[in-house]
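Following: one structure in structure tokens, then a few remarks.
Keep in mind the model is a prediction, meaning the values are calculated, not measured. To find a chain, count down the sequence lines: A is the first, B the second, and so on, and within it residues start at 1. Worth knowing before you read on, the calculation uses all heavy atoms, side chains too, and leaves out hydrogens, waters and symmetry mates.
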Amino acid sequence: MQFQAIKRSKQIIIPAFKIAANTREAEQSCLALLQVCGAVPKLIQIQTHIVKLGLRNNPLVLTKFASTASDLKAIDYASSFLFSPDSDAHIYDAFLFNTIIRAYAQTSHTKHKALYFYSVMLKGGVLPNKFTYPFVLKACAGVGDLNLGKSVHGSVVKFGFEDAVHVRNTMIHMYCCCAGGIECARQVFDEIPNLDSVSWSAMIGGYVRVGWSSDAVELFREMQMVGVRPDEITMVSVLSACTDLGALELGKWVESYVEKEGIQKSVELCNALIDMFAKCGNVDKALKLFRNMTGRTIVSWTSVIDGLAMHGRGMEAISLFEEMIGAGVEPDDVAFIGLLSACSHSGLVDEGKRYFSSMVEKYERVPKIEHYGCMVDMFCRAGHVKEALEFIHKMPIQPNPIVLRTLISACRAHGELKLGEIITKQLIREEPMHESNYVLLSNIYAKMKHWEKKTKTREVMDKKGMKKIPGSTMIELDNELYEFVAGDKSHKQSTEIYEMVDEMGREMKRAGYVPTTSEVLLDIDEEDKEDALNRHSEKLAIAFALLNTPPGTPVRIVKNLRVCDDCHSATKFISKIYNREIVVRDRNRFHHFKDGLCSCRDFW
DNA sequence: ATAGGGTTAG
């Protein structure tokens with residue numbers, strides 16, 4: 001921490017304060033002066049005034065001085081003046097601290113300073129009031145440290161603010177922002193006797209934040225059951241859960257609910273709707289909402305650009321980006337990620353290179369690892385493995401494991417097996433407990449036909465107690481969400497589903513489908529491998545959809561991982577044989593299967 | 001005089 005001057009002030013004395021009659025005027029003149037300032041030069045000027053007029057220990061003036069500071073530099077300046085050890089003023093009250101803590105808690109990179117002044121406050125014996133904790137908890141949320149959060153929670157109880165409604169709700173929020181804090185948040189939530197819409201929103205939003213989206217939806221249903229009216233902020237969180245789950249029907253229901261209940265369509269709510277439609281497979285509807293909305297922000301633009309990118313509509317994404325520039329909206333880091341991933345997903349290598357340079361040169365942005373990641377991904381998808389490798393060598397920052405895994409997948413897909421093996425082994429040394437590294441290695445050995453090495457890799461995984469993340473596929477039918485995992489037998493239509501899968505397999509083979517058995521991790525014979533492939537969750541979900549929807553109805557499914565080679569090839573056959581449009585959202589993008597072809601042009 | 005929950009990302 002850089003507060004040398006402040007750190008030295010060990011003792012804070014709070015004498016009784018009395019305004020002399022003749023200082024009234026001075027005080028008024030100072031306050032008047034404080035109406036118009038903000039930045040550091042003006043603060044210095046006023047500081048001189050304060051000292052000259054002998055108001056160095058006037059709480060009213062000092063607090064006004066603190067709250068006047070308009071930017072971070074000014075706040076730093078103000079706090080160092082107010083709390084400097086050589087100051088003869090020691091009039092510290094809660095409001096003064098609150099002002100400083102609030103200023104620091106509002107900005108994302110200064111949360112630790114807010115907490116520092118909170119500790120100064122406690123050490124100085126200044127009692128926090130009911131306004132203090134919402135600021136302090138917000139700062140804790142930004143830091144995200146559970147132990148810190150718990151200790152602040154302890155102080156809240158100690159000072160008797162645990163029943164203050166704002167404090168409780170911010171506490172839920174704070175715990176939700178701390179790693180591993182979601183259970184603590186729920187505990188606070190459960191102990192509140194009269195939950196209001198803010199408490200519910202905080203908890204629902206927290207579930208979404210940690211990826212427990214179905215729990216978020218569940219909680220929203222509970223909220224409706226107990227009759228608390230959701231507002232636009234609640235709906236943003238619920239929509240965000242729909243987006244995560246890929247639950248288009250639920251998302252549409254939310255849209256009509258908003259209309260019906262007359263919930264205010266804030267810019268943020270519109271953005272959430274746009275994002276939901278784009279990521280749940282209806283990017284045209286997202287575009288329509290985008291065109292009709294007023295007050296678009298960078299988030300609106302980015303959501304729709306990103307949506308187009310996921311659907312492989314790269315040229316449209318680019319033209320929207322250009323339109324955004326034309327509209328005078330300055331692109332930020334996230335917007336560039338969207339743009340570059342659009343280039344990547346549509347194989348627009350030249351455009352991607354051009355935008356990457358213009359990002360650096362024209363927009364003077366320092367590329368982050370995510371931007372480099374997009375570029376590597378772009379080269380890899382296009383099959384330019386060598387170029388990807390050169391690019392990584394030239395990067396000014398270290399490639400992270402995500403970038404390396406992209407490169408490794410490309411090595412496997414484009415026959416650079418030896419190179420892939422070397423990089424993977426290196427990665428395993430750095431990240432020995434990351435399960436997907438072993439899967440990659442195992443897949444490389446399969447392609448090399450090094451069966452004994454593949455078996456050994458599998459054994460290492462077992463020995464370390466690692467399991468493959470189970471693939472799962474979600475599908476919505478009649479307002480219900482169904483989730484299938486590989487080999488799922490839990491569904492009540494299970495027998496019919498497996499019969500359907502068998503029938504699909506026979507029809508596909510007749511049409512020329514060859515199972516891709518080389519990537520099956522298990523060490524079993526070929527026939528069992530085929531069987532293992534047929535039990536993949538997406539095939540089960542598709543069979544379920546074919547059984548339960550009228551002919552010709554489009555099928556929409558959502559996978560938690562990337563779609564495997566075999567399922568991709570099988571789905572193409574199924575779309576043709578059964579004359580169905582099949583829309584698959586995988587971890588990275590959308591695949592629109594129609595007439596035996598996929599919109600990704602086998603490029604994902 | 002000062003208070004709570006929300007959106008975009010490889």
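- Taking a cutoff of 4.0 Å between a charged side-chain nitrogen and a carboxylate oxygen, Arg365(A) and Asp332(A) do not qualify as a salt bridge.
- Asp275(A) comes within contact range of the sugar-phosphate backbone alone, with a heavy-atom separation under 4.0 Å but no base atom that close.
- We find that CE of Met276(A) is positioned 20 Å from P of dG6(B), with the value rounded to whole Å.
- For Asp306(A), the side chain to side chain contact (heavy atoms under 4.5 Å, CB included) test picks out Lys279(A), Ser341(A), with sequence neighbours left out.
- For Arg313(A), the salt bridge (charged side-chain N to carboxylate O under 4.0 Å, His left out) partners are Asp284(A), Glu316(A), not counting sequence neighbours.
- Side chain of Lys279(A), nearest nucleotide from dT7(B), dG10(B), dT8(B): dT8(B).
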Identify all side-chain donor-acceptor contacts of residues 371-381 of chain A below 3.5 Å with residues at least two apart in sequence or on another chain.
from: His371(A); atom 1: ND1; to: Lys368(A); atom 2: N; distance (Å): 3.0
from: His371(A); atom 1: NE2; to: Asp333(A); atom 2: O; distance (Å): 2.9
from: Asp377(A); atom 1: OD2; to: Ser344(A); atom 2: OG; distance (Å): 2.8
from: Asp377(A); atom 1: OD2; to: Arg381(A); atom 2: NE; distance (Å): 2.7
from: Asp377(A); atom 1: OD2; to: Arg381(A); atom 2: NH2; distance (Å): 3.0
from: Arg381(A); atom 1: NE; to: Ser344(A); atom 2: OG; distance (Å): 3.2
from: Arg381(A); atom 1: NH1; to: Trp604(A); atom 2: O; distance (Å): 3.4

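- Of the candidates dG5(B), dT7(B), dA3(B), the closest approach to any side-chain atom of Ser201(A) belongs to dG5(B).
- Among the heavy atoms of the strands, none lies under 4.0 Å from Thr406(A).
- Between the side chain of Ser240(A) and the backbone N or O of Val236(A), no donor-acceptor pair lies under 3.5 Å.
- Judged as a side chain to side chain contact (heavy atoms under 4.5 Å, CB included), and not counting sequence neighbours, the contacts of Leu561(A) are Ile469(A), Lys559(A).
- At the heavy-atom level, Ser197(A) lies under 4.0 Å from base atoms of the strands shown.
- Nearest to the side chain of Arg102(A), among dG6(B), dG10(B), dT2(B), sits dT2(B).
- Within the structure, the salt bridge (Lys or Arg N to Asp or Glu O under 4.0 Å) test picks out the following pairs touching residues 342-360 of chain A (sequence neighbours left out): Lys353(A)-Glu387(A).
- Residue Leu137(A) is classed as having no contact, given no heavy-atom separation below 4.0 Å to the nucleic acid.
- The nearest pair of heavy atoms linking Tyr133(A) to Ser155(A) is OH-CB, 3.3 Å.
- Judged by distance alone, with hydrogens and angles left aside, Ser266(A) brings a side-chain donor or acceptor within reach of the base of dG6(B), the pair sitting under 3.5 Å.
- dG6(B) atom C1' lies 15 Å from atom CD1 of Ile172(A), rounded to whole Å.
- For the pair His173(A) and dG6(B), the criterion of a side-chain N or O lying under 4.0 Å from OP1 or OP2 is met.
- Listed in residue order, the members of residues 282-290 of chain A having a heavy atom less than 4.0 Å from DNA chain B come to none.
- Considering only residues two or more places apart in sequence or on other chains, Ala286(A) meets the side chain to side chain contact (heavy atoms under 4.5 Å, CB included) condition with Ile274(A), Phe277(A), Ala278(A).
- You'll find a donor-acceptor pair under 3.5 Å spanning the side chain of Asp231(A) and the base of dG5(B), going by distance alone.
- A sub-4.0 Å separation between OP1 or OP2 of dG6(B) and a side-chain N or O of Arg209(A) is present.
- A heavy atom closer than 4.0 Å to some atom of DNA chain B occurs in no member of residues 211-230 of chain A.
- The side chain to side chain contact (heavy atoms under 4.5 Å, CB included) search around Phe131(A) returns Asn98(A), Asn129(A), not counting sequence neighbours.
- Residue Tyr372(A) is classed as having no contact, given no heavy-atom separation below 4.0 Å to the nucleic acid.
- Within 4.0 Å of Asn588(A), counting heavy atoms only, lies no atom of the nucleic acid at all.
- Atoms NE2 (His345(A)) and C1' (dG10(B)) sit 8 Å apart, rounded to a whole Å.
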